[in-house]
Amino acid sequence: MSRFVLVLLLIWTWTSSALVRVPLRRVPSIRSQLRASGLLQEFLTDHRPDMFNRRYAQCFPPGTPSLRLGRSSEKIYNFMDAQYYGEISLGTPEQNFSVVFDTGSSDLWVPSSYCVSQACALHRRFRAFDSTSFRHDGRMFGIHYGSGHLLGVMGRDTLKIGGLMALNQEFGESVYEPGAAFVMAKFDGVLGLGYPSLAEILGNPVFDNMLAQKMVEEPVFSFYLSRKSKESNPEGELLLGGTDETFYTGPINWNPVTAKGYWQIKMDSVAVQGTSSFCPQGCQVIVDTGTSLIAGPTNDILNLQQLIGASPTNIGEFLIDCARLSSLPHVTFVLGGKEYTLSAEQYVRKELFGDRELCFSGFQAVDIVTSEGPLWILGDVFLSEYYSVFDRGQDRVGFAQARHPAEE
């Protein structure tokens, strides 16, 4: 009888779902690293500025055949300016990698040991021949970013995230990563958390695989992103399978997903100091953990920059006088009838250059045209102020006021 009970306990332990916590590290964005190293102007001269600034890029030019049969690729993938990343492992025995957990894409990829690019030499690379659980696929995948093509091959292996193990996870091994942005990245790869329709790699994206294998308590994941980089403050956390009330206050306000690709929802309007309004008839917005800034259509963003007193630079960025922050207007985003307001201290990014502090606008111009009109993007500038919850069970995105530790 005791042996029977022991077997039942083992089976329950193996099949039971769980809450999985993934600590996230906050680092300077790739844009700020390029700027600090003096490479940003050179990079933007060699590449179209709008392609880099938006960090969104189409996976191959519009209308060209996808590597997946019967598909045409019109997607926009987003990771080139990411700030937050965490750790995963692939293979048996485990090989560790740092990845951006990106709600703006759906594929998992890491550098391959066969990669020939300089960027791969500076990052951890997957050694397929060292993993006893690896299954070769052989098909190619490719993603086009502003800095060049990311090319690779597909495979399957065991994925581990925070103690949770997903079997036969499809992923990509990159073999070609050109461009300075890949070299500057502090992370090795990307783990996409968007809907399956965005994926270029065949098979289930990571969270779908977890749902299929009944690995999480609820079909929900949530993000806490810190706004300060002090060592005493938690930098961030991804929680797979639920939410953590210690990271937010008040209720979670829900918004239905309007298109199951990105985590796309409707935004009612954007207002500056409650008077100057953008998209007053409503517009579509992507909730994206993988981009640093808040983005919108060029005309709207240029007008917004003027209203907050931001001045353009010769490399397309906008500077704000740090001494004027207390007098600058608030910017309010209305989602599902609920107002989400950012003060200047919250939408401005402060960066040190030697002993000089510069203040950069947290807004950028991005023109993404869809049949429903231009898209806005809520990136980390917004998400570091509001705890975000992504619910695949009911296809909705929730926000609550983030609870940040008191600053000394």
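One is the number of the first residue; the rest follow in order along the sequence. Hydrogens, waters and symmetry mates play no part in the numbers below; they use all other heavy atoms, side chains included. The structure displayed is predicted, hence computed values, not measured ones.
Between the side chain of S98 and the backbone N or O of Y85 there is no donor-acceptor pair closer than 3.5 Å. Between the side chain of Q394 and the backbone N or O of P256, no donor-acceptor pair lies under 3.5 Å. With S269 contributing its side chain and P280 its backbone, the two residues share no donor-acceptor pair below 3.5 Å. Not one N or O on the side chain of E170 forms a donor-acceptor pair closer than 3.5 Å with the backbone of R156. Side chain of Q401 to main chain of G250: no donor-acceptor pair is present (N/O by atom type, distance under 3.5 Å, no hydrogens or angles). The closest donor-acceptor contact from the side chain of S222 to the backbone of G242 lies under 3.5 Å. Not one N or O on the side chain of D188 forms a donor-acceptor pair closer than 3.5 Å with the backbone of V110. At distances below 3.5 Å, at least one donor-acceptor pair connects side-chain atoms of D268 with backbone N or O atoms of G337. Under the 3.5 Å distance criterion, the side-chain polar atoms of S113 are left unmatched by any main-chain donor or acceptor of R125. Counting only distance, with no hydrogens or angles, the side chain of E235 and the backbone of R26 share a donor-acceptor pair below 3.5 Å.
Side-chain contact between I265 and M267 is absent, with no heavy-atom pair separated by less than 4.5 Å. Annotation: side chain of F360 is in contact with side chain of L319 (closest heavy-atom distance under 4.5 Å). Between D107 and V190, every side-chain heavy-atom pair lies at or beyond the 4.5 Å cut-off. The closest side-chain heavy-atom distance from I286 to T291 is not below 4.5 Å. Counting heavy atoms from C-beta on, the side chains of I294 and L342 come closer than 4.5 Å. Taking the side chain as every heavy atom from C-beta outward, M210 and F221 never approach each other to under 4.5 Å. Two residues are said to be in side-chain contact when any heavy atoms from C-beta on lie closer than 4.5 Å; D137 and V153 fail this criterion. Side-chain atoms of Y347 and I308, non-hydrogen and from C-beta on, do get closer than 4.5 Å to each other.
A donor and an acceptor atom, one from each side chain of D244 and T246, are located under 3.5 Å apart. Between E173 and S112, the side chains place a donor N or O and an acceptor N or O closer than 3.5 Å (distance only, hydrogens not considered).
For Q281, the CD atom counts as loosely surrounded, since its 6.0 Å shell holds 12 or fewer non-hydrogen atoms of other residues, nucleotides or ligands. Within a 6.0 Å sphere centred on CG of N96, heavy atoms belonging to other residues, nucleotides or ligands number more than 12.
Separating the CD1 atom in I161 from the CG atom in L90 is a distance of 9.0 Å, to the nearest 0.5 Å. Rounding to the nearest 0.5 angstrom, the gap separating the CG atom in L383 from the OG atom in S388 is 5.0 Å. Distance CD/Q364 to CD1/I377: 6.5 Å, rounded to 0.5 Å. Rounding to the nearest 0.5 Å places CZ of R349 at 6.0 Å from CD of E317. In this structure, the separation between CG on D395 and CD on Q264 is 13.0 Å, given to the nearest 0.5 Å. Atoms OG and CG, from S89 and L159 in turn, are 7.0 Å apart once rounded to the nearest 0.5 Å.
Look at R127 and D130 and you find a salt bridge, because one of the NZ, NE, NH1 or NH2 atoms lies within 4.0 Å of a carboxylate O, short of that distance. A salt bridge links R124 with E87; the closest basic N to acidic carboxylate O contact falls under 4.0 Å.
Here the closest heavy-atom approach between residue V257 and residue R396 is recorded as CG2-N, 3.8 Å. Across all their heavy atoms, S197 and K260 have their closest contact at OG-O, 2.8 Å. Heavy-atom minimum distance, A119 versus V183: CB-N, 3.8 Å. Scanning both residues, L238 and F101, for their nearest heavy atoms gives CD2-CD2, 3.5 Å. Taking each heavy atom of P196 and P205 in turn, the nearest pair found is CA-CG, 3.8 Å. Looking at every heavy atom in both residues, G336 comes nearest to N255 through N-OD1, 3.3 Å.
Using the six-membered ring where Trp is involved, F390 and F223 have ring planes that are perpendicular, over 60° apart on the 30 and 60° scheme.
Considering Y387, Y224, F247, Y248 as possible partners of H404, the one that fulfils the ring-ring contact (aromatic ring centres under 6.0 Å, His included) test is Y224. If you run ring-ring contact (aromatic ring centres under 6.0 Å, His included) between F171 and each of F126, F141, W109, only F126 comes through. When the options F382, W254, Y386 are evaluated for a ring-ring contact (aromatic ring centres under 6.0 Å, His included) with F399, the one that passes is F382.
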Checklist line | Criterion salt bridge (Lys or Arg N to Asp or Glu O under 4.0 Å) on E345 and K350, from CA distance to verdict | finding: CA-CA 9 Å; E345 287 284 350; K350 297 179 180 179; 3.2 Å; yes
Checklist line | Audit row: T370, Q284, side-chain hydrogen bond (donor to acceptor under 3.5 Å, both in side chains) steps and yes/no | finding: CA-CA 9 Å; T370 71; Q284 297 293 304; over 6 Å; no
Item checked: Candidate pair F278 and I301, rule side-chain contact (heavy atoms from CB on, under 4.5 Å), full reasoning -> CA-CA 9 Å; F278 302 98; I301 293 296; over 6 Å; no
Note to self: Evaluate L108 against I201 for side-chain contact (heavy atoms from CB on, under 4.5 Å), listing each step before the verdict.
What the structure shows: CA-CA 8 Å; L108 166 62; I201 296 173; 5.9 Å; no
Next item on the list: Check step by step if side-chain contact (heavy atoms from CB on, under 4.5 Å) holds for S226 and Y84.
Entry: CA-CA 9 Å; S226 70; Y84 297 86; 4.2 Å; yes
Item checked: Evaluation steps, side-chain contact (heavy atoms from CB on, under 4.5 Å), between Y340 and L335 -> CA-CA 8 Å; Y340 299 85; L335 304 163; 3.8 Å; yes
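For R392 and Y195, the positive end sits near the middle of the six-membered ring, less than 6.0 Å away and at most 45° from its axis.
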